[in-house]
Amino acid sequence: MGKLNGTQLYGFSRLLATLRMGRNKELKGVSIKKKLALNYVSKESKLTRMGNKIFSNTFTPYFPSQAYDRFLKGVISVASGRPLPVITNFAITPQCPCNCWHCSFSDRSKKDVLSLEHLKAAISEVQDMGSCVIGLTGGEPLMRNDLEDIIACIDSRSMPVIFTTGYKLTIERVRRLKEAGLEIPVISLDHYQAEVHDRGRRKEGMFEYALNAIRMFQEQGFYVAVSFVPDRKLVDNKEEIFKVIDFFHDLGINDMRLTSPILSGKLTARPEEMLSPENVKTIFEIQKKCTKTSGYPGVFAYDFFESEKYYGCGAGYNYMFIDSQGNLCPCDFTMMSFGNILEKPIREIWEETSRHFCVPGCVCYANKSNDRIAARKPSHWPLNIQATKELLGECPSYDINRIPEFYKRMGLPV
């Protein structure tokens, strides 16, 4: 079907690339113990060379780049107990053609508030704070006519990523996005059958939009990723879910974000949608198979990397989310906020947020707190500052006696 862009690195080629990446200036003076900890997680990502760039996944800037240097600096900072928004996502519009079954943004205001000037100022501020990956999401980012201008204001200190359904995308716009500086497009795709994908998105034609977007981005030489959100029924059927993975292989997809249903937005009060422990084992199998097998996409499975065995949950610690109303939240799925960027400096809100999310958690905080979130039922999401503090008092974001394995190996002071 599609042709995989770039060359996946295995064996000696991967070893050489890893050694080269390990000589980065930001790692000078870093102990062997910490370098081994960094390798403990990086070995679970596939490396793909595209020209003079080496991509690891959609959460890591390509190497070599200024953004990659800043990524390493940021990881060392957070592993030393100093919270930093290494990754920042902006919902640049609430507008969307879909009504997805799992949408985490469904309960938020549908007013467009953030202007181009607001976003330019905010992006500059988060870059100054250390963000080296900036994701543009929504809603559907393509519904903003100034998307290219937003991307163009992200300078070389950060890698721009967009999350899109591919809605009404044209080859002319793909070229404009490339010229503006886009590095990674992440296209929503949940099945190999059009009717299944469209049913989940609650809109006909979205499957074809997604496939066309993938093809056009591939033709323009992008490192192309998909966002895959399987429901429990699909994960229960191992043969079927592996057919979906084979489909992504046949499309020539470089990377896949595999996000299990999260109890946020439409799913806040639906714990039955969560994957079972047996389902999670299947997700781990997919992660391992794809990483080790040539031609399959690299995978960032949230159940895998955000488990206690690896990074854990970095919401409000190494990650922040700014919604389309300007509310700064710990992540896309935690429906709470310590302030709005139109009223306070981002740095000030982040400092308050990271005081409460001062240690990475071992489980997804949105899932951990969903029942208490659902019980509050405010008139507007996210929760205001007072309600946010009350919730955190009842349900802390971390357990000081449980630290994710990566941070243990890095010697996180607690």
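Below, each value reflects all heavy atoms present in this structure, side chains not excepted, and no hydrogens, waters or symmetry copies. None of the values given here were measured: they were computed from a predicted structure.
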With a 4.0 Å cut-off, would you call [X] and [Y] a salt bridge?
X: E125; Y: R347; answer: no
X: E405; Y: R409; answer: yes
X: E148; Y: R176; answer: yes

**Q.** Set of residues satisfying side chain to side chain donor-acceptor pair (under 3.5 Å) with respect to H191, sequence neighbours excluded
**A.**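 H191 satisfies side chain to side chain donor-acceptor pair (under 3.5 Å) with E240 once adjacent residues are dropped.
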Q: Could you list the residues that satisfy side chain to side chain donor-acceptor pair (under 3.5 Å) with T58, not counting sequence neighbours?
A: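 Checked T58 against side chain to side chain donor-acceptor pair (under 3.5 Å); matches are R257.
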Should the ring pair [X] and [Y] be called parallel, tilted or perpendicular, given that the plane angle runs from 0 to 90° and is split at 30 and 60?
X: F207; Y: F247; result: parallel
X: Y296; Y: H249; result: tilted
X: Y317; Y: Y407; result: perpendicular

(Q) Is it the case that the side chain of D323 and the backbone of G326 share a donor-acceptor pair, with hydrogens and angles ignored and the cut-off at 3.5 Å? (A)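 Checking the backbone N and O of G326 against the side chain of D323, a donor-acceptor pair under 3.5 Å is found.
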Q: Spell out, as yes or no, whether a donor-acceptor pair under 3.5 Å connects the side chain of S131 to the backbone of Q127.
A: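 Side chain of S131 to backbone of Q127, a donor-acceptor pair under 3.5 Å: no, none is there.
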Q) Would N370 and T268 count as a side-chain hydrogen bond (donor to acceptor under 3.5 Å, both in side chains) if you check the C-alpha gap in whole Å, the side-chain angles of each, and the deciding distance to 0.1 Å? A) CA-CA 6 Å; N370 77 293; T268 301; over 6 Å; no
About how many Å separate [atom2] of [Y] and [atom1] of [X], when rounded to the nearest 0.5 Å?
X: F55; Y: D255; atom1: CZ; atom2: CG; result: 10.0 Å
X: L392; Y: H356; atom1: CG; atom2: NE2; result: 6.5 Å
X: K377; Y: D107; atom1: NZ; atom2: CG; result: 11.5 Å
X: S124; Y: R157; atom1: OG; atom2: CZ; result: 6.0 Å

**Q.** Residues that N279 engages under side-chain contact (heavy atoms from CB on, under 4.5 Å), provided they are two or more places apart
**A.**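 Partners of N279 under the side-chain contact (heavy atoms from CB on, under 4.5 Å) test: R232, V235, D236, L275, S276.
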Do [X] and [Y] pair up side chain to side chain, a donor and an acceptor below 3.5 Å, judged on atom types alone?
X: N89; Y: Y319; result: yes
X: N57; Y: S45; result: yes
X: E44; Y: T291; result: no
X: Y10; Y: K46; result: yes
X: Q8; Y: T48; result: no

Q.
Using side-chain heavy atoms (C-beta onward) and a distance below 4.5 Å, is P230 in contact with L258?
A.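 Yes, close enough: below the 4.5 Å cut-off.
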